[in-house]
Amino acid sequence: MSENKKFTLDKKERMNSKILIEKLFSGESKSIPAFPLRIVYMIIENDDAPTVSILTSVPKKRFKRAVKRNRVKRQIREAYRKNKSILTDVLEEKGKKAAIAFIWLDKELHTSEEVEKKIVKLLQLTSEKII
């Protein structure tokens with residue numbers, strides 16, 4: 001990887017627009033599962049948006065304790081932060097922007113290595129589908 005790549009996850013890269021979130025889950029988007037995660041993504045045409053804006057969701061139905069939900073969200077964000085260039089490089093090359101949601105599907109906790117492998121797999125599949 002080149003030295004000028006940043007392994008950061010800025011606040012502007014996190015999705016906080018209710019309108020965008022509603023659009024993402026309204027049916028205009030596509031979904032790819034890779035147990036214990038599912039990625040829901042949609043191409044957006046917003047000039048001032050970052051290349052990729054993400055949302056992480058761990059349902060209360062899966063983990064009643066907030067400590068466990070927060071741990072899983074932290075694992076997802078960390079894995080995405082390390083490997084986001086897989087998707088952002090393809091999007092920048094095509095001149096597109098995307099909104100992505102990571103949704104946790106399992107009732108069990110997983111190691112960070114397992115979560116990272118699944119995130120990498122999902123990002124590769126998504127970048128292939130966008131092409």
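Quick note: numbers below take in every heavy atom, side chains included, and nothing from hydrogens, waters or symmetry partners.
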- Distance col, row L87:CG vs I119:CD1, nearest 0.5 angstrom, shows 11.0 Å
- Message: If I take atom CD1 from residue I43 and atom CG from residue L91, how far apart are they, to the nearest 0.5 angstrom?
- Response: 5.5 Å
Output a table of donor-acceptor pairs, distance under 3.5 Å, between side-chain atoms of residues 21-38 and any protein atom two or more places apart or on a different chain; print 'none' if there are none.
from	atom 1	to	atom 2	distance (Å)
S26	OG	K23	O	2.9
S29	OG	L24	O	2.5

- Note on the structure: Residues pairing under ring pair (Phe, Tyr, Trp, His ring centres under 6.0 Å) where one sits in residues 64-97, two or more places apart or in two chains, turn out to be Y80-F102
- Query: Among L123, N83, V52, which one satisfies side chain to side chain contact (heavy atoms under 4.5 Å, CB included) with T88?
  - Reply: V52
- Item | Residues that E78 engages under side-chain hydrogen bond (donor to acceptor under 3.5 Å, both in side chains), provided they are two or more places apart | R81
- Joint cluster assignment, V115 & V120, ILVMFWY side-chain distance < 4.5 Å: yes
- Item | side-chain hydrogen bond (donor to acceptor under 3.5 Å, both in side chains) against D106, all qualifying residues, sequence neighbours excluded | H110
- Task: With the side chain counted from C-beta on, respond yes when R71 and V67 share a heavy-atom pair under 4.5 Å apart, and no when they do not.
- Result: no
- Query: How many angstroms lie between OG1 in T56 and CE in M15, if you round to the nearest 0.5 Å?
  - Reply: 10.0 Å
- Note on the structure: Rounded to the nearest 0.5 Å, the CD1 atom of I54 sits from the CD1 atom of I100 at a distance of 8.0 Å
- Query: Hey, does E128 have a side-chain heavy atom less than 4.5 Å from the side chain of L125?
  - Reply: yes
- Task: Give a yes or no on whether the backbone of F7 and the side-chain of K84 come within a donor-acceptor separation of less than 3.5 Å.
- Result: no
- Query: Roughly how far, to the nearest 0.5 Å, is CG of N16 from OG of S53?
  - Reply: 8.5 Å
- Message: Taking side-chain hydrogen bond (donor to acceptor under 3.5 Å, both in side chains) as the cut-off, I'd like each qualifying pair that reaches into residues 60-69, sequence neighbours left out, listed once.
- Response: none
- Item | Set of side chain to side chain contact (heavy atoms under 4.5 Å, CB included) partners for D10, sequence neighbours left out | T8, K12, E13
- salt bridge (Lys or Arg N to Asp or Glu O under 4.0 Å) assessment of K97 paired with E45: CA-CA 7 Å; K97 298 183 180 199; E45 288 87 25; over 6 Å; no
- Message: With a 4.5 Å cut-off on side-chain heavy-atom distances among I, L, V, M, F, W and Y, is there a chain of contacts connecting W104 to V40?
- Response: no
- Task: Report yes if the side chains of L9 and K11 come closer than 4.5 Å at any heavy-atom pair, otherwise no.
- Result: no
- Item | V90-I86 co-clustered via ILVMFWY side chain contacts under 4.5 Å | no
- Message: If the condition is side-chain hydrogen bond (donor to acceptor under 3.5 Å, both in side chains), which residues does S112 pass it with, not counting sequence neighbours?
- Response: Q75
- Query: Take atom NZ in K73; do more than 12 heavy atoms of anything else shown fall under 6.0 Å from it?
  - Reply: yes
- Message: Show me the pairs that pass ring pair (Phe, Tyr, Trp, His ring centres under 6.0 Å) and involve residues 37-57, at least two apart or across chains.
- Response: none
- Message: Are the side chains of I130 and K96 in contact, using a 4.5 Å heavy-atom criterion?
- Response: yes
- Taking all non-hydrogen atoms of both residues, which atom of S57 and which atom of P59 are closest, and how far apart? O-CD, 3.9 Å
- Separation between OG1 of T51 and CD1 of I44, rounded to the nearest 0.5 Å: 9.5 Å
- Do we see a donor-acceptor contact under 3.5 Å between the side chains of Q124 and S127? no
- Query: Sequence neighbours excluded, which residues qualify as side-chain hydrogen bond (donor to acceptor under 3.5 Å, both in side chains) partners of K118?
  - Reply: none
